[in-house]
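A, B, ... follow the sequence lines: proteins, then strands. Residue 1 opens every chain. Everything numeric here is computed off the predicted structure, so don't read it as measured data.
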2 protein chains.
Amino acid sequence: MSIRVTSWLESLQAHGYRLTEARRAVVEVVATSKRALSPLEVYEIARRRYPALGLVSVYRTLEMLSALHLVQRVHQEDGCNAYLPSLEGHQHLLICERCRRVEYFDGDDLEALFARVGEQTGFEIRSHWLQLFGLCQACKQAVS
Amino acid sequence: MSIRVTSWLESLQAHGYRLTEARRAVVEVVATSKRALSPLEVYEIARRRYPALGLVSVYRTLEMLSALHLVQRVHQEDGCNAYLPSLEGHQHLLICERCRRVEYFDGDDLEALFARVGEQTGFEIRSHWLQLFGLCQACKQAVS
DNA sequence: CATAGAATTGAAAACGGTTTTCAGTATGAG
DNA sequence: CTCATACTGAAAACCGTTTTCAATTCTATG
């Protein structure tokens, strides 16, 4: 059992949520995924180990995990309802356009840019959003 | 009449689309907006000058403008279906969280970061997506 | 300017993903 | 073990978007 699964389940419990089979199944799928998954994908995968699962519970669990900042929503050209584990402090994503695999990277050097833009525009910058898209090593070779 | 409105209409015509009242109304609203507008917002505003307009035509016109790269879709926490004029070469957005006004800025200094991330991960980076969120000068004062 | 034929229109129906409702069930505190 | 209640899945409702379709509007051509 992945350490992340355990930690998410503890986190849910610590916030007063009950640990149910439905939630366990959803957490196990999302916490260990290396790709961003849509609610329907989570549903289909999680149902392999807990066939009684309802799609509604997937939505509800994703909402909780999102509120606890354990998962983040990923936006792409072809849809904005995919979820991915949130790694503390590594908020930027690099997504393979072919296989959808995601890598995390940090963007420390962005602070200077933000400061400059804030100064030029008079905005108080409060958050940002950076995603890169491309081909992962495996897909790069597969395509060529 | 804004230069951008004229230019968009010419662009539509040059691509074989007819110039109709519905399209004119939609183009006039979107091309001159400083905020990202949802299809429904476009519809409501455009109907002031062309009441016969149907919501369907808004969707269809936005799709065309998007295909011609004249508008871009803006993604935000609370929705991903807002459209904004695309300014050639200035692809990054700074969005006011309060009034939704948008500023454009360029992010030339990002190339180095992309190169570094590409090298570290083995990805071939093909595109990117950067948005900043904050408070514009006016809203900064209004809030405090 | 008039005509004809194709592109375009708006209304309504269909669609698909998400949310709400609800009666039954499983959880976990005591 | 018992009980109150959080939680469940199914079905219905919802809502933004897309499709369908008959009527209308453009615009190329004569």
Side-chain angles (χ1 to χ4, degrees), chain A residues 6 8-30 36-68 71-83, chain B residues 6 8-30 36-68 71-83:
Chain A
T6 315
W8 285 18
L9 291 174
E10 282 166 1
S11 206
L12 283 177
Q13 204 162 32
H15 283 83
Y17 296 114
R18 289 185 181 171
L19 294 189
T20 67
E21 280 311 299
R23 285 175 191 166
R24 263 186 259 268
V26 171
V27 164
E28 283 175 22
V29 169
V30 182
L37 300 174
S38 70
L40 194 61
E41 287 173 315
V42 173
Y43 174 64
E44 282 164 357
I45 299 170
R47 230 164 31 140
R48 288 185 206 145
R49 57 164 65 217
Y50 181 57
L53 179 66
L55 179 55
V56 197
S57 286
V58 175
Y59 278 99
R60 288 191 278 228
T61 306
L62 285 173
E63 199 181 338
M64 278 171 206
L65 295 174
S66 188
L68 298 180
V71 301
Q72 61 187 307
R73 198 176 188 154
V74 175
H75 299 252
Q76 286 181 265
E77 283 305 331
D78 60 342
C80 305
N81 264 330
Y83 294 83
Chain B
T6 316
W8 286 17
L9 291 175
E10 281 167 1
S11 206
L12 283 177
Q13 203 162 34
H15 284 82
Y17 296 115
R18 291 185 179 171
L19 293 189
T20 66
E21 279 313 298
R23 286 175 189 167
R24 264 187 259 268
V26 171
V27 164
E28 283 174 22
V29 169
V30 182
L37 300 174
S38 70
L40 193 61
E41 286 174 314
V42 173
Y43 174 62
E44 281 162 359
I45 299 171
R47 232 166 28 143
R48 288 185 205 145
R49 57 164 64 220
Y50 182 57
L53 180 65
L55 180 54
V56 197
S57 286
V58 174
Y59 278 97
R60 288 191 278 228
T61 307
L62 285 173
E63 198 182 338
M64 277 171 206
L65 295 173
S66 187
L68 298 180
V71 302
Q72 61 187 307
R73 199 175 188 154
V74 175
H75 298 251
Q76 286 179 266
E77 282 305 330
D78 60 341
C80 306
N81 264 329
Y83 294 82

Expressed in angstrom and rounded to an integer, what is the separation of Leu9(A) atom CG from dC7(D) atom P?
14 Å

Contact check, side chains of Leu65(A) and Tyr83(A), non-hydrogen atoms, under 4.5 Å
no

Along nucleotides 20-25 of chain D, 5' to 3', which nucleotides get a B, which get an S, and which get a -, given that the test is a protein heavy-atom distance under 4.0 Å?
B----B

Rounded to whole Å, CD of Glu63(B) lies from C1' of dT19(D) at a distance of 12 Å

Gln76(A): what forms a side chain to side chain donor-acceptor pair (under 3.5 Å) with it, not counting sequence neighbours?
Arg100(A)

Tell me the interatomic distance from Met64(A), atom CE, to dT19(C), atom C1', rounded to whole angstroms.
14 Å

Closest-nucleotide 5' rank along DNA chain D - winner of Pro39(B) and Ala22(A)
Ala22(A)

Walking DNA chain D from its 5' end, the first of Gly16(A) and Leu19(B) to be reached, judged by nearest nucleotide, is Gly16(A)

Touch check for Leu40(B), heavy atoms < 4.0 angstrom, all strands: base, sugar-phosphate only, or nothing?
nothing

Using whole Å, report how far CG of Asn81(A) lies from P of dG17(C).
11 Å

Mind jotting down which residue pairs meet the side-chain hydrogen bond (donor to acceptor under 3.5 Å, both in side chains) criterion with at least one end in residues 12-23 of chain A? Sequence neighbours excluded, please.
Glu21(A)-Arg24(A)

In whole angstroms, the gap separating C1' of dT8(D) from CG of Leu55(A) amounts to 13 Å

Rounded to the Å, how far apart are Arg47(A) CZ and dG9(D) P?
11 Å

Could you check Leu40(B) against Val58(B) for side-chain contact (heavy atoms from CB on, under 4.5 Å), going step by step and ending with a plain yes or no?
CA-CA 8 Å; Leu40(B) 193 61; Val58(B) 174; over 6 Å; no

OP1 or OP2 of dT9(C) versus the side-chain N and O atoms of Arg23(B): is any pair under 4.0 Å?
yes

Between atom CG in Leu53(A) and atom C1' in dA26(C), what is the gap in whole Å?
15 Å

Return the set of residues passing side-chain contact (heavy atoms from CB on, under 4.5 Å) with Thr6(B) (not counting sequence neighbours), or none when no residue passes.
Met1(B), Glu10(B)

Heavy-atom side-chain contact between Trp8(B) and Leu68(B) under 4.5 Å
no

Which of these nucleotides, dG10(C), dT27(D), dT8(C), is closest to any side-chain atom of Gln13(B)?
dT27(D)

Tyr50(B) near the nucleic acid: base, sugar-phosphate alone, or nothing, with a heavy-atom cut-off under 4.0 Å?
sugar-phosphate

Can you list every salt bridge (charged side-chain N to carboxylate O under 4.0 Å, His left out) pair that touches residues 37-62 of chain B, not counting sequence neighbours?
Glu28(B)-Arg49(B), Arg35(B)-Glu41(B)

Between CZ of Arg24(B) and P of dC26(D) the distance, given in whole Å, is 8 Å

